[in-house]
Amino acid sequence: MRQELDKEIWRLSVPAFLALVAEPLFLLSDAAIVGHLGTPELAGLGIAAVVLQTVVGLCVFLAYGTTASVARHLGAGNRRAALAQGVDGVWLAVGIGLVATLAGVALTGPLVGLFGAGEVVTDHAATYLRLAFLGVVPLLVMLATTGVLRGLQDTRTPLVVAVAGNALNIVLNLVLVYGIGGWTGLGIAGSAIGSVLAQIASAAALLAVVTRAARAEGAPLGPDLSGIRAAARAAVALVIRTLTLRVALLVTTYAVTIGAGSAAGPSDPTADPAVDLATHQLALTLWTFLAFVLDAIAIAAQAITGRYLGAGDVEGTRAVTRRMVQWGVVSGIVTGVLLAVASPVLGRLFTDDPEVQRLLVPVLLVAALAQPVAGVVFVLDGVLIGAGDGTYLAWGGIVTLVAYVPLVLVAAHLVGGLVIVWAVFCTAFMGARLVVLALRARGGAWLVTGAPTVSP
């Protein structure tokens, strides 16, 4: 039994991890190509990327919620209903994407102006972002169709599309930014256009797979208002959950800024807060990358939990949850050890500043100690998402945030220093999430069996 569970977990987790790693390459490849145009263009891309990632990141529920509902129908033995539910999720993505695109294009100027980056950088950011917003609909369709395929226990197809889409993105960016033959290219605008075209192609490929599957099962392809409304209602809780996570990261960054001043004190006028902020950015980047490793198991948890509960198998759900938690711990230990061992040399890969290199080591050691906790947190989060327990996750996120914010701000004011802020983040925030999720998982309120019902 355990060997079968392991095979199923890894069959879903490994392609999911590779696809997760491939996703950030869209913006990384853009940065590598645009960076050679000049520093103002790269800075403009950075501002546009923050805005775009925020908009798309808040819509991750299109993948998570769709995965859970499709997997439940699949577990209940109704593949047609699973695909019908998935199609509703895709239509919801289209609707949200159209609204976000229209609002984004109209508000591009004010949005990039908020950063106060200067006229030249702001102009580049506005040029990129206004064009990039045209890719929001395909980006959200990619999220929804990926959720459908994960719910159908297929994580390979999204991986193939992600790799092909990134390869196409690189080629289009090179041609459109720098030109070919006697054509001089479009500069930063070409990068945005290339990314949008690659996103359209990727969305079309995933949509074709889902459409073919829906037709094979006789599932309707047109919009069903009751199904779309049900998907939208379920999405609200997941949006709140995601917001609490993003706010926590923003507050942590703010705590770093005030903590740098507190740690230096008035007696040290030579202290540079930029060192703390630069180090924090590097540490957060590495933390996010390792989160992809751990989140891959969480994605498998969403798909497997939904299917087991849809089939009415409570004992099987408990067994697979225990096993995935064990793998979460093991994965966390492995990533923690690797991070700790590599901490003295990682800084040199990103910066030549000796102060940043020095400060990064203790921060990464703190992050390494928290990896096993993060492994369990991500798995349990995935299990409860797969169970459709979004309301609890939303309230749990709010409670965790309310507990964490005053602690990290007080620590930053009274003690200060980047290491202290990260210690509070890893213990108070991740620890609170662990308690909230573990308490729920030990109970039985989330073990609701059967296929989801759709009310008009």
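In this chain, residues are counted from 1 in sequence order. Keep in mind that this is a model prediction, so the values were computed, not measured.
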*asked:* Looking at R323 and E8, is there a salt bridge between them, counting it only when a charged N and a carboxylate O are closer than 4.0 Å?
replied: no
*For the residue pair F429 and Y404, categorise the inter-ring angle as parallel (less than 30°), tilted (30 to 60°) or perpendicular (more than 60°).*
tilted
*Find out whether Y308 and R72 are in side-chain contact, i.e. whether some heavy atom of one side chain is under 4.5 Å from a heavy atom of the other.*
no
_Contact between V379 and V329 at the side-chain level, heavy atoms closer than 4.5 Å - yes or no?_
no
_When you measure from the side chain of W446 to the backbone of A441, do you find a donor-acceptor pair of N or O atoms at a distance under 3.5 Å?_
yes
*Could I get the full list of side-chain contact (heavy atoms from CB on, under 4.5 Å) partners for L447, not counting sequence neighbours?*
L309, V314, T317, R318
Could you give the side-chain donor-acceptor pairs of residues 136-143 under 3.5 Å, partners two or more places apart or in another chain?
none

*If you measure from CZ on F292 to CG on D295, what distance do you get to the nearest 0.5 Å?*
8.0 Å
*To the nearest 0.5 Å, how far apart are CG in L284 and CZ in F425?*
7.0 Å
*asked:* Can you tell me how far apart CE (M430) and OG1 (T400) are? Round to the nearest 0.5 Å.
replied: 10.0 Å
*Hey, mind stepping through Q371 and V334 against side chain to side chain contact (heavy atoms under 4.5 Å, CB included) and telling me if it holds?*
CA-CA 8 Å; Q371 287 298 297; V334 171; over 6 Å; no
*Taking the side chain as every heavy atom from C-beta outward, state whether M324 and L380 have any atom pair closer than 4.5 Å.*
no
_Sub-4.5 Å side-chain heavy-atom contact between Y392 and R241_ = no
*Answer whether the closest heavy-atom distance between the side chains of V177 and I188 falls below 4.5 Å.*
no
*For residues A198 and L168, report the shortest heavy-atom separation together with the two atoms involved.*
CA-CD2, 4.0 Å
*Show the numbers, then the answer: is there a side chain to side chain contact (heavy atoms under 4.5 Å, CB included) between L393 and L437?*
CA-CA 8 Å; L393 290 173; L437 294 171; 3.5 Å; yes
_Test side chain to side chain contact (heavy atoms under 4.5 Å, CB included) applied to V163 and V160, L159, V161, the passing residue_ = L159
Tell me which donor-acceptor pairs under 3.5 Å the side chains of residues 97-109 have, and how far apart each pair is, sequence neighbours excluded?
{"unit_1": "T101", "atom_1": "OG1", "unit_2": "G97", "atom_2": "O", "d": "2.8"}
{"unit_1": "T101", "atom_1": "OG1", "unit_2": "F133", "atom_2": "O", "d": "3.2"}
{"unit_1": "T108", "atom_1": "OG1", "unit_2": "G104", "atom_2": "O", "d": "2.7"}

*Nearest-0.5 Å distance, CG of residue L62 to CG of residue L92*: 5.5 Å
*Is the side chain of T335 donor-acceptor paired with the backbone N or O of G332 at a distance under 3.5 Å, no angle test?*
yes
*Indicate whether any N or O donor in one side chain lies under 3.5 Å from an N or O acceptor in the other, for Q153 and R307.*
yes
*Residues L131, V196; criterion side chain to side chain contact (heavy atoms under 4.5 Å, CB included); working and verdict*: CA-CA 8 Å; L131 291 168; V196 169; 5.5 Å; no
_Over all atoms of both residues, closest heavy-atom pair of C426 and A367_ = SG-CA, 4.1 Å
*asked:* Which residues pass the side-chain contact (heavy atoms from CB on, under 4.5 Å) test with T242, not counting sequence neighbours?
replied: L58, V60, R246
*T67 side chain to G147 backbone, donor-acceptor under 3.5 Å*: yes
*List for me each residue that meets side chain to side chain donor-acceptor pair (under 3.5 Å) alongside R358, sequence neighbours excluded, and say none if there are none.*
E355
_Within-4.5 Å side-chain heavy-atom neighbours: I297 and F378_ = no
_Does either side chain, that of T279 or that of D276, offer a donor lying less than 3.5 Å from an acceptor on the other one?_
no
*Is a side-chain N or O of T155 found less than 3.5 angstrom from the main chain of L12, in a donor-acceptor match?*
yes
*How far apart are the closest heavy atoms of A125 and V112, and which atoms are they?*
CB-CG1, 3.9 Å
*If you count the non-hydrogen atoms of other residues, nucleotides and ligands that lie under 6.0 Å from CH2 in W395, is the total more than 12?*
no
*How close do A132 and A192 get, heavy atom to heavy atom, and via which atoms?*
N-CB, 4.2 Å
*asked:* Determine whether a donor-acceptor pair (N or O, by modelled atom type, separation under 3.5 Å) exists between the side chain of N166 and the backbone of A162.
replied: yes
*Does a side-chain N-to-carboxylate-O contact under 4.0 Å join D88 and R229?*
no
_Once side-chain contact (heavy atoms from CB on, under 4.5 Å) is applied, do any residues pair with V361, and if so which ones, sequence neighbours excluded?_
S343, L365
_Atom pair CZ (F61) and CD1 (I240), whose distance is rounded to the nearest 0.5 Å_ = 11.5 Å
*When rounded to the nearest 0.5 angstrom, what is the spacing between CD1 in I299 and CG in L294?*
11.5 Å
*asked:* Quick one: does any side-chain atom of S69 pair with a main-chain N or O of T66 as donor and acceptor, under 3.5 Å?
replied: yes
*Side-chain (N173) to main-chain (N169) donor-acceptor, under 3.5 angstrom*: yes
*Of all the heavy-atom pairs spanning T305 and A387, show the shortest one and how long it is.*
CG2-N, 3.9 Å
*Please confirm whether the backbone N or O of G328 pairs with a side-chain atom of S331, one donor and one acceptor, at under 3.5 Å?*
no
*Carefully, step by step, assess D123 and E119 under the rule side chain to side chain contact (heavy atoms under 4.5 Å, CB included).*
CA-CA 6 Å; D123 285 346; E119 184 178 353; 3.8 Å; yes
*Looking at S202 and G165, what are the two nearest heavy atoms and their distance?*
OG-CA, 3.4 Å
*asked:* Less than 4.5 Å apart, side chain to side chain, heavy atoms only: is that true for L359 and V419?
replied: yes
